[in-house]
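See below for the structure under consideration.
All values below were derived from every heavy atom in this structure, side-chain atoms included, with hydrogens, water molecules and symmetry-related copies excluded. Residue numbers begin at 1 in each chain, while the letters A, B, ... track the order of the sequences.
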Amino acid sequence: MIFTHNAKVVRACLYLILLVFCLFYLMPLYVMITNSFKPLSEIRGGQMLALPDIFTFLPWASAWSTAQIGVEPTGLRPYFLNSVIMVVPAVAISVVLGALNGYVLSKWRFKGDRIVFGLLLFSCFIPFQIVLIPMAKILGVIGIAGSTPGLVLVHVVYGVGFTTLFFKNYYEGFPTELIRAAQLDGAGFFRTFTRILLPSSGPIIVVSVIWQFTNIWNDFLFGVSFSDLDSMPITVALNNLVSSSTGVKEYNVHFAGAILAALPTLVVYIVSGRYFVRGLMAGSVKG
Amino acid sequence: MSFLRIENLTKRYTSDVEVLTNINVNVEKQDFLVLVGPSGCGKSTLLNLIAGLDEVTSGAILIDNKDVVNEAPANRDIAMVFQSYALYPNMSVRENITFGLEMRKVPKDERIRKSEEAGDILQISHLMDRKPSALSGGQRQRVAMGRALVRDPAIFLFDEPLSNLDAKLRVDMRTEIKKLHKTLGATIVYVTHDQIEAMTLATKIAVMNGGVIQHLGTPHEIYYKPANLFVASFMGSPSMNILEVDVTEGVNNKPELVLDTGEGDLVRISLPEVNIAPGHYLMGLRPEHVSDVDSVAKESDEFARFTSKVEVVEPAGADTYVVLPLGSENIVARVNGEVEVEPGDSLELAINLKRIHFFDKESGERISTEVVE
């Protein structure tokens with residue numbers, strides 16, 4: 001039974017290594033969480049890794065509602081709401097448009113459809129920085145510069161390329177005969193989409209929503225470029241909170257604020273993460 | 001006027017790829033038309049054109065005297081059964097069957113009544129609440145037919161509906177489709193690549209090749225008077241033997257067939273009943289018309305005997321297929337299964353002279369040999 005004994009040792013080593021990696025990756029999160037519950041004096045004492053002696057919610061409360069952001073002592077709350085108001089329509093619109101694009105490009109082929117798809121795909125690879133100035137100009141012309149609708153538009157335009165790619169690949173594997181059967185049954189363009197395709201699109205909708213949500217929520221560059229005080233998303237507000245140069249650096253408040261800003265994407269991943277991989281795989285394996 | 005008329009129909013994908021050329025078909029009410037041919041012959045394209053799933057390049061399609069070329073598929077009064085069944089995976093069997101009715105705004109109680117009727121006819125009543133993924137292949141096939149049935153269309157279209165089933169089920173469903181055709185009095189256009197399916201189901205067969213209808217006729221005509229070499233060799237299994245032969249003028253000005261039986265022997269066979277000019281031809285002989293002398297003698301009073309050395313023996317139960325040389329070719333003969341024969345044996349066979357076919361050597365067209373009285 002030497003063999004199994006060896007196998008056990010190997011297995012133990014394996015788990016040990018995995019555990020070390022886990023700890024390594026979890027360390028920053030640990031530091032953030034523990035320090036966000038400490039009074040500032042404890043952090044200044046140099047005990048970054050220790051658990052809090054005095055457990056306090058004050059930094060969280062401060063980060064949420066009273067911390068100085070720019071010139072106003074509002075906390076992150078209004079900016080969190082700004083982000084929500086921006087993200088929800090941006091995700092919804094870009095996913096709906098992507099689904100429709102994917103449906104048309106895979107099942108209602110038209111002359112030049114490859115070129116259209118190619119251009120949409122190309123838009124995924126354009127670096128953000130290149131479009132900043134032209135986009136600012138366009139937002140100015142339309143008259144929605146520095147507003148939430150402006151940010152929504154920017155994110156929809158940028159996201160549609162990705163969502164189209166996701167949905168097109170997914171629908172490519174969807175049997176065309178089903179579309180034809182629906183046509184013969186008398187279902188039109190939209191009815192076929194809503195009754196036949198959408199009910200089978202769960203996984204790819206989840207993928208698109210996660211992808212769009214995390215990208216838009218975490219975006220900083222567009223947020224800092226195209227928003228003003230009333231529409232500033234939380235990423236920009238967090239930056240303003242952390243990098244304000246006056247007064248004392250309240251690390252515990254900063255940690256709490258950073259966690260607050262990251263919380264929604266974390267929740268989205270935890271709730272629907274397992275569909276994410278499944279959905280990404282679905283398109284490729286089926287074909 | 002025919003119920004379904006297809007006139008000079010042509011389909012081109014780009015300017016130079018012509019998939020269908022000048023198709024003309026007439027289908028009467030309650031006809032069962034089978035489009036048969038090898039893959040890529042255009043039979044499925046023709047069906048899609050009738051369904052309206054593909055655009056016609058030129059020509060007309062008339063259903064009940066109404067040109068439907070510019071009509072949407074839903075407005076053509078047709079229903080189609082797809083090869084992959086194309087059942088909506090997110091709907092139950094009942095929803096699948098009634099979806100077409102729902103789209104046509106048929107009231108709910110009538111939809112349910114119709115789906116129950118169809119369920120009874122197809123024996124799927126007990127499956128109504130299941131999802132397609134929980135059904136076997138044969139059951140899915142029935143549901144797909146049910147979906148067409150409730151629509152009560154002018155024409156049913158079937159696109160290779162049996163090719164995804166296993167052999168036994170295929171034969172059962174074939175019988176069932178035939179029964180259904182009888183009881184409903186339906187008009188059906190059916191695509192298949194299986195010539196046995198074509199023969200057993202059809203009242204009319206269109207044999208297609210290279211985007212052209214080679215022969216349109218009853219199963220009997222197609223089998224016994226194939227229009228050309230392609231039809232002759234495509235229909236029938238094993239396929240027809242084709243030999244190069246000379247016909248000369250013999251006794252009493254009657255044509256005489258000169259057959260090289262190998263080993264340099266020339267056999268001259270007088271063909272008193274055949275009206276054909278002397279010349280060089282391709283002769284077609286179905287395996288069942290080259291058989292042991294007893295079998296042939298039972299069927300025909302005109303036959304010619306020859307002897308050849310057997311190369312391969314393939315017993316198939318009731319019959320035995322024997323491969324042996326005749327002239328420069330190897331031919332297949334179908335002899336009675338009770339005849340005992342081994343490879344290497346010399347076997348005396350007879351050719352049924354009433355069932356030989358002649359084709360032009362250049363064009364492959366059938367040469368009519370009927371005696372004009």
Please answer whether the main-chain N or O of A:Arg195 pairs with a side-chain N or O of B:Tyr88 as donor and acceptor at a distance below 3.5 Å.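 Not at all, since once roles are kept as given, no pair shorter than 3.5 Å links the two residues.
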Is the backbone N or O of B:Pro73 less than 3.5 Å from a side-chain atom of A:Gln183, with the two atoms forming a donor-acceptor pair by type?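 Judged by distance alone, no pair lies under 3.5 Å.
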Given B:Arg76 and A:Leu184, is the side chain to side chain contact (heavy atoms under 4.5 Å, CB included) satisfied, shown in steps? CA-CA 9 Å; B:Arg76 293 188 177 197; A:Leu184 283 167; over 6 Å; no
Assess whether atom [atom1] of [X] is packed by more than 12 heavy atoms of other residues, nucleotides or ligands within 6.0 Å.
| X | atom1 | answer |
| --- | --- | --- |
| A:Leu119 | CG | yes |
| A:Phe110 | CZ | yes |
| A:Tyr15 | OH | no |

Select, from A:Pro175, A:Gly188, A:Ala182, the one with the greatest count of heavy-atom pairs under 4.5 Å involving chain B.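 Top option by heavy-atom pairs under 4.5 Å: A:Ala182.
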Identify the heavy atoms of A:Ser200 and B:Asn90 that sit nearest to each other, and give their distance.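 The pair with the smallest heavy-atom distance is OG-OD1, 4.3 Å.
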For B:Tyr85 against A:Glu177, the heavy-atom pair lying closest together: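 Shortest heavy-atom separation between B:Tyr85 and A:Glu177 comes out as N-OE1, 4.4 Å.
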Which bit of B:Leu87 comes within less than 4.5 Å of chain A, counting heavy atoms only: side chain, backbone, both or neither?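 When you check distances to chain A, only backbone atoms of B:Leu87 fall under 4.5 Å.
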Please flag which part of B:Asn48 lies under 4.5 Å from any non-hydrogen atom of chain A: side chain, backbone, both or neither.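 It is the side chain, since no backbone atom gets that close.
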Please flag which part of A:Arg191 lies under 4.5 Å from any non-hydrogen atom of chain B: side chain, backbone, both or neither.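 Side chain of A:Arg191 only, per the 4.5 Å heavy-atom cut-off to chain B.
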Could you name the residues of residues 94-112 of chain B that have a heavy atom within less than 4.5 Å of a heavy atom in chain A?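 When heavy atoms of chain A are the reference, residues 94-112 of chain B contributes B:Phe99, B:Gly100, B:Glu102, B:Met103, B:Arg104, B:Lys105 within the under-4.5 Å range.
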